[in-house]
Amino acid sequence: MKKFFTEQLLAWNQEQNTRTMPWKGIKDPYKIWLSEIILQQTRVEQGLPYYEQFTTAYPTVQHLAAAPEEEVFRMWQGLGYYARCKNMLAAARQIVDTFQGQYPDTHEQIQTLKGIGPYTAAAIASFAFNSPHAVLDGNVFRVLARYFGIHTPVDSTAGKKEFAALAQSLLPANQSAVYNQSIMDFGAVVCKPQQPACLQCPLSAKCVAFKQQLVAQLPVKTKKLVIKKRYFYYIVLEYKDQVYIRKRTENDIWQNLHEFILIEMPGPINANELEAYTAFKEVMHNIPYTVQGISPAFKQQLTHQTIYSQFILLTAAKAPELAHYMAVPRARLNSYAFPKTITDFLQNKSLGLF
DNA sequence: AACCCGGGGAT
DNA sequence: ATCCCAGGGTT
């Protein structure tokens, strides 16, 4: 069963796999690494333009390591999971500082880099160095759960161990790069999450889930998604063509991105009445201002949160003294990274203010 | 072990 | 709405 699996998978790859990606088949560990970080929990189509931008702007790890953090974050803007960006930059500097600019070539060393876990270490080790480590990503979990009929939840510790051992046992040690590439492509193209192409699948004859009609039930996941709602009211305070922003530093969404003066409310309010709230008065207590306008509400759906944002535009009558905020000329806002909901606001010309 | 972290496409 | 995407880090 295992031998059939590996043989058929490699045959499918050779005969039917037409999936193409710019990083596929390359051997430069730096570019492989960039692609892997960008693609963590991110679809290939979404990550593709970012990969092109990063490899163009930073063709080597030395270029990336020397880049200003703000510039790198700006390039990452819109891709999400911003800790990846922070860790990527840290890893680039690790490589330059402690590995003499030479990308580490062993699985053990690779996994010491920031932002590289079991999956990414195996991917780089196999793709760049043909090292015999099986990748275990969402595709692999799904393909193996179905083909072998495994009901162990993939989001449990026991499941991760079981699937990791199975994946490793299937890996032909001298073909780790092509095998790892094949199983992920196969999961993305044939053994898809919804409506997999079982009738064209070269593995279906021995696929447990197919034979038992359990394809839709596998893989098993236990965690349930809880989505909380949050209500953000942003004060866009201007003084002499400068706008007040700050970097988010809390353990919360959008860490290291920038924002305007935020007042978060426990529930929705009428933005026209924001001035009456204590939180607003505390921020604006000795700043004379006039209201220039109030934006429509922006809604952003994240995986675990729904964010409702509204922007109140104020002009200060004298220079505001605001701790923790910096005054930035409007024309220079584009050198800072913002969350999607704020870039949406900045691009909304209906208010005529930006 | 449980929880947190974005944005977007498909259904 | 719900799921899931070339997952990793923190608590």
Side-chain angles (χ1 to χ4, degrees), chain A residues 19 21-24 31-51 73 76-88 90-91 110-127 133-143 153-161 163-164 167 177 179-189 191-196 216 219-228 230 248 250-257 298-307 337-344:
Chain A
R19 200 183 193 206
M21 294 165 288
W23 49 82
K24 194 169 166 178
K31 288 185 178 174
I32 291 169
W33 166 65
L34 274 185
S35 74
E36 295 300 342
I37 301 301
I38 288 170
L39 291 172
Q40 285 170 1
Q41 292 293 285
T42 303
R43 288 169 301 103
V44 168
E45 312 84 73
Q46 188 184 358
L48 196 54
Y50 288 87
Y51 175 80
F73 266 93
W76 194 277
Q77 175 180 282
L79 193 53
Y81 282 161
Y82 297 91
R84 288 184 291 171
C85 182
K86 183 91 173 175
N87 290 332
M88 176 182 72
I110 291 168
Q111 202 166 343
T112 66
L113 297 171
K114 294 284 287 179
I116 294 187
Y119 163 77
T120 307
I124 298 171
S126 63
F127 294 149
H133 294 271
V135 293
L136 188 54
D137 75 332
N139 292 303
V140 180
F141 276 120
R142 185 172 57 253
V143 171
V154 296
D155 53 1
S156 66
T157 302
K160 289 190 179 88
K161 277 188 66 175
F163 281 94
Y179 173 83
N180 279 337
Q181 185 66 58
S182 298
I183 193 169
M184 289 194 288
D185 285 347
F186 182 79
V189 174
C191 198
K192 299 176 289 185
Q194 273 92 28
Q195 300 179 6
V220 174
K221 294 187 181 180
T222 58
K223 290 184 172 54
K224 55 180 182 287
L225 196 61
V226 181
I227 301 177
K228 62 177 172 181
R230 299 176 71 177
R248 289 176 64 87
E250 304 83 2
N251 283 325
D252 195 0
I253 56 169
W254 304 330
Q255 190 174 138
N256 292 303
L257 271 59
F298 289 72
K299 177 184 176 181
Q300 185 176 14
Q301 186 64 56
L302 307 179
T303 301
H304 294 278
Q305 301 183 23
T306 306
I307 312 275
F338 294 96
K340 173 71 160 54
T341 199
I342 291 182
T343 58
D344 282 350

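Chain letters run A, B, ... following the sequence lines, proteins first and then strands; every chain starts at 1.
Summarising the local packing, NZ of A/Lys161 is surrounded by 12 or fewer heavy atoms from other residues, nucleotides or ligands at distances under 6.0 Å.
With distances taken from any side-chain atom of A/Asn251 to the nucleotides C/dT11, B/dG8, C/dA6, the minimum falls on C/dT11. Nearest to the side chain of A/Asp252, among C/dA6, B/dG6, B/dC5, sits B/dC5. Set against B/dG6, C/dC5, C/dC3, the side chain of A/Arg142 has C/dC5 as its closest nucleotide.
Map A/Lys192 and A/Tyr82 each onto its nearest nucleotide of DNA chain B; the residue landing nearer the 5' end is A/Tyr82. Heavy-atom distances to DNA chain B give each of A/Ala158 and A/Tyr81 a nearest nucleotide, and the one nearer the 5′ end belongs to A/Ala158. In terms of position on DNA chain C, the residue among A/Leu225 and A/Pro118 whose nearest nucleotide sits closer to the 5' end is A/Leu225. Where A/Leu113 and A/Glu45 each meet DNA chain C at their nearest nucleotide, the meeting point lying more 5' is that of A/Glu45.
When all heavy atoms are compared, the tightest approach of A/Ile37 to A/Met88 is CG2-CB, 4.3 Å. Residue A/Pro219 comes nearest to A/Phe141 through the heavy atom pair CB-O, 4.4 Å, listed as atom of the first residue, atom of the second, then distance.
Across the protein-nucleic acid pair, A/Asp155 atom CG and C/dC4 atom P stand 10 Å apart, rounded to whole Å. In this entry the distance linking CG of A/Asp137 with P of C/dG7 reads 5 Å, nearest Å. Protein atom CG of A/Asn87 is 12 Å distant from nucleotide atom P of B/dG6, rounded to whole Å. Atom C1' of nucleotide B/dC3 and atom CD of A/Gln255 are separated by 15 Å, given to the nearest angstrom. Atom CZ in A/Arg84 sits about 12 Å away from atom P in C/dG9, given to the nearest Å. One can place CG of A/Asn139 at 14 Å from C1' of C/dC3, the figure rounded to the nearest angstrom. Going from atom NZ of A/Lys223 over to atom P of B/dA2 covers 6 Å, rounded to whole Å. The distance between atom NZ of A/Lys31 and atom C1' of C/dA6, rounded to the nearest whole Å, is 19 Å.
Formation of a donor-acceptor pair under 3.5 Å by the A/Gln300 side chain with backbone atoms of A/Ile307 is not found in this model.
At a threshold of 4.0 angstrom between heavy atoms, the contacts of A/Gly78 are confined to the sugar-phosphate backbone, with no base atom among them. Within 4.0 Å (heavy atoms only), A/Ser156 reaches no atom of the nucleic acid at all. Using a 4.0 Å heavy-atom criterion, one finds that A/Trp76 contacts no nucleic acid atom at all. Among the heavy atoms of the strands, none lies under 4.0 Å from A/Met88.
Separating the C1' atom of C/dA6 from that of B/dC3 is a span of 23 Å, rounded to the nearest Å. Separation of the P atoms belonging to B/dG8 and C/dG9 is 24 Å when rounded to the nearest angstrom.
Dashed line: the shortest gap from a side-chain N or O of A/Arg43 to OP1 or OP2 of C/dG7 is not under 4.0 Å. Between C/dG7 and A/Gln41, a contact under 4.0 Å exists linking OP1 or OP2 to a side-chain N or O. Contact annotation: A/Gln300 reaches the phosphate of B/dG7 (side-chain N/O to OP1 or OP2, under 4.0 Å).
Of the residues A/Val135, A/Asn180, A/Val154, the one that meets the side-chain contact (heavy atoms from CB on, under 4.5 Å) test with A/Val140 is A/Val135.
Scanning atom types as modelled, no donor and acceptor separated by under 3.5 angstrom connect the side chain of A/Gln46 and the base of B/dG8. Contact of A/Thr120 with C/dG7 (side chain to base): no donor-acceptor pair of N or O atoms is detected under 3.5 Å. Side-chain atoms of A/Tyr119 stay outside donor-acceptor range of the base of C/dG7, with no qualifying N/O pair under 3.5 Å. Between the side chain of A/Thr42 and the base of B/dG6 there is at least one donor-acceptor pair of N/O atoms closer than 3.5 Å.
Looking at A/Tyr119 and A/Glu36, their side chains do bring a donor and an acceptor atom within 3.5 Å of each other.
Note that CG of A/Asn87 is 15.0 Å distant from OH of A/Tyr82, once rounded to the nearest 0.5 Å.
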